[in-house]
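Below: one structure, written as structure tokens.
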Amino acid sequence: MNKILKGICMVALVALAFTSCNKKENNAESFYGTVGDFTVESDDMDKAYINGAMLFEAGDEVMMYNIDNTNAANSVYGMYTSNSTGATVQFTYQNGPIANNGNKMDAFFAFYPGGIVDNSDLANENRAIFSISKVQTYREVNNMSVLPANSMAMASRDNTHSTIEGASFKFQNIMGVLCLKLTSASGKTVRSMTVTDPVRPITGDVHLKIHKVDPNTLTSLINTYNPDEEAFLANLSAYVQEAGYYVDGANKDNTISLNCGNGVKLNNSKAKEFYICVVPAAFYKGFSIEVNFTDNTHAVITTNKNKMVKPGVIRNFSLPIDSYIID
């Protein structure tokens, strides 16, 4: 009996040792991600700090990079999927060459939503392409308006963790949100809306060098945004050049549309919120918004004043839409 018991114990120890080795080698299986927080701004209220404006949802995808700064041919990436819904969730490896190399080279960089990323040119100076769509889709959760799915870009750059496995990554918002809070005494139903930036593209294929992307630097530049100041333009130009930033592609445009499906009914007692995610510094020179209704009428709102949307900011505009209907 003792010999049998000892044999069982030896088998258990060997199995435990083997499992431990596997855990150490499997250093890119999963990580934890936490969504970024938002600040709310509007023309009729002070800034307000909020969290919970966005949650990761089960099935959300994140592209994780392990970057070699000096030799991009060594850089690897992998797609990870969220296991649940919440402000902090676990992401599990799905595919990609990062599986066998979860030990940090120079830095980890995670990007959400992972499904819009093209890594075909990663070996060329760590370049990747992020496609910003021209169309977003209105949606509700529990009868409340929420951000369009897979439209708010977030990133996490990390130089501290030695491996991906089990690490926690705090994501920062690198886009902002335009929120139209609409009321209608006549009970209009919104079918769609299109917002236009008068001076710059707000959609398209955004090209960047992954190892040069720094959400903190980007936020700092946007917070001091002043294209009429030479010193700012010099700093912005240096960052754009270093990051390899430019926009092209068939989707490059100054407009974004929000598709409201079968229509969203408005009333005069409680404003309905329509969220559109936009690139940072959009609407610095104002915007034009066309709202289309199911009865084939439409409304147009135009301003040439600075209405810039910053990263991690929800910019609210409350409008009695009937005042803007032109036919």
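Because only heavy atoms are used, hydrogens play no part in the values below, and waters and symmetry mates are left out as well, while side chains stay in. None of the values given here were measured: they were computed from a predicted structure. Sequence positions, counted from 1, serve as the residue numbers for this chain.
- Of all heavy-atom pairs between M63 and Y77, the closest is SD-CD1, 3.8 Å.
- Taking the ring pair (Phe, Tyr, Trp, His ring centres under 6.0 Å) definition, one finds that Y138 meets it with F274, sequence neighbours left out.
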Please list, one pair per line, the donor and acceptor atoms closer than 3.5 Å that link side chains of residues 170-179 to other protein atoms, with sequence neighbours excluded.
from : atom 1 : to   : atom 2 : distance (Å)
Q172 : NE2    : N216 : OD1    : 2.9
N173 : ND2    : D37  : O      : 2.8

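- The CG atom of L182 sits 6.0 Å away from atom CG of L319, with the distance rounded to the nearest 0.5 Å.
- Here the CE atom belonging to M154 is positioned 9.5 Å from the OG1 atom belonging to T34, to the nearest 0.5 angstrom.
- At distances below 3.5 Å, not a single donor-acceptor pair connects side-chain atoms of K134 with backbone N or O atoms of T255.
- Taking 4.5 Å as the limit, every side-chain heavy atom of K272 sits out of range of all side-chain heavy atoms of V190.
- The distance from the CE atom of M105 to the CD1 atom of I67 is 7.0 Å, given to the nearest 0.5 Å.
- Residues V240 and L208 share a hydrophobic cluster, clusters being chains of Ile/Leu/Val/Met/Phe/Trp/Tyr side chains in contact below 4.5 Å.
- The backbone N or O of M144 sits nowhere less than 3.5 Å from a side-chain atom of N142 that would complete a donor-acceptor pair.
- In this structure a side-chain-to-backbone donor-acceptor pair under 3.5 Å is present from S133 to V135.
- When atom types are taken as modelled, the side chain of Q136 and the backbone of S151 share no donor-acceptor pair closer than 3.5 angstrom.
- The backbone N or O of M193 sits nowhere less than 3.5 Å from a side-chain atom of E290 that would complete a donor-acceptor pair.
- Put simply, the side chain of V213 does not reach to within 4.5 Å of the side chain of F130, judged on heavy atoms.
- Atom-to-atom distance recorded for F283:CZ and M308:CE is 12.0 Å, nearest 0.5 angstrom.
- Contacts of S288 classified as side-chain hydrogen bond (donor to acceptor under 3.5 Å, both in side chains), with partners at least two apart in sequence or in another chain: T302.
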What verdict does the side-chain hydrogen bond (donor to acceptor under 3.5 Å, both in side chains) test give for D253 and T203, after you've listed the backbone C-alpha separation in whole Å, the side-chain angles of each residue and the deciding distance to 0.1 Å?
CA-CA 5 Å; D253 206 333; T203 63; 5.5 Å; no

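- The only option from F56, Y32, Y80 that meets the ring pair (Phe, Tyr, Trp, His ring centres under 6.0 Å) definition with F91 turns out to be F56.
- The backbone N or O of N254 lies less than 3.5 Å from no partner atom in the side chain of R200, so there is not a single donor-acceptor pair.
- Taken together through direct or relayed side-chain contacts under 4.5 Å among Ile, Leu, Val, Met, Phe, Trp and Tyr, I129 and I210 form parts of separate hydrophobic clusters.
- The environment of CG in N262 is sparse: at most 12 heavy-atom neighbours from other residues, nucleotides or ligands sit within 6.0 Å.
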Before giving the answer on side chain to side chain contact (heavy atoms under 4.5 Å, CB included), spell out for F31 and H161 the whole-Å C-alpha distance, their side-chain angles and the decisive distance to 0.1 Å.
CA-CA 11 Å; F31 65 89; H161 292 109; over 6 Å; no

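- When all heavy atoms of A155 and F109 are compared, the pair lying nearest together is CB-CZ, 3.7 Å.
- The two residues A167 and T163 have their closest heavy-atom pair at CB-O, 3.6 Å.
- Minimum interatomic distance between A110 and V62 (heavy atoms only, all atoms of both residues): CB-CG1, 3.9 Å.
- The environment of NZ in K265 is crowded: more than 12 heavy-atom neighbours from other residues, nucleotides or ligands sit within 6.0 Å.
- A 4.5 Å side-chain heavy-atom check between V40 and F38 finds every atom pair outside the cut-off.
- No more than 12 heavy atoms of other residues, nucleotides or ligands sit less than 6.0 Å from atom CD of Q241.
- You'll find the side chain of T92 stays beyond 4.5 Å of the side chain of T81, heavy atoms only.
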Can Y112 and V35 be said to form a side chain to side chain contact (heavy atoms under 4.5 Å, CB included), step by step?
CA-CA 10 Å; Y112 169 89; V35 295; over 6 Å; no

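- Under the 3.5 Å distance criterion, with hydrogens and angles disregarded, no donor-acceptor pair is assigned to the side chains of D68 and S75.
- Between the side chain of D60 and the backbone N or O of E57, at least one donor-acceptor pair lies under 3.5 Å.
- The distance from atom CG of N259 to atom OG1 of T194, rounded to the nearest 0.5 Å, is 10.0 Å.
- Using modelled atom types, one side-chain atom of N66 and one backbone atom of N101 make a donor-acceptor pair closer than 3.5 Å.
- For the pair I301/I321, a side-chain contact is recorded, criterion being any heavy-atom separation below 4.5 Å from C-beta on.
- Nearest heavy atoms, A28 versus G102: CB-CA, 3.8 Å.
- Considering all non-hydrogen atoms of both residues, A58 and T85 come closest at N-OG1, 3.1 Å.
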For Y324 and V291, what are the C-alpha separation, side-chain angles and deciding distance, and is it a side chain to side chain contact (heavy atoms under 4.5 Å, CB included)?
CA-CA 9 Å; Y324 299 89; V291 182; over 6 Å; no

Residue pair F169, M64: steps toward the side chain to side chain contact (heavy atoms under 4.5 Å, CB included) verdict
CA-CA 11 Å; F169 293 86; M64 175 68 76; 3.7 Å; yes

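- For the atom pair NE2 (H211) and CG (N126), the distance works out to 5.0 Å, reported to the nearest 0.5 Å.
- Counting heavy atoms from C-beta on, the side chains of S257 and S192 never come closer than 4.5 Å.
- In this structure, T137 and P148 have side chains that are not in contact, with every pair of non-hydrogen atoms separated by 4.5 Å or more.
- Judged by distance alone, with hydrogens and angles left aside, the side-chain atoms of D197 form no donor-acceptor pair with the main-chain N or O of I202 at under 3.5 Å.
- Residue L180 is not grouped with residue V313 when hydrophobic side chains (ILVMFWY) are merged at heavy-atom distances under 4.5 angstrom, including chains of intermediate members.
- Of the candidates L122, N119, D121, D121 is the only one forming a side-chain contact (heavy atoms from CB on, under 4.5 Å) with R127.
- Figure legend: K188 and F293 shown as a cation-pi pair, the cationic atom lying under 6.0 angstrom from the six-membered ring centre and within 45 degrees of its axis.
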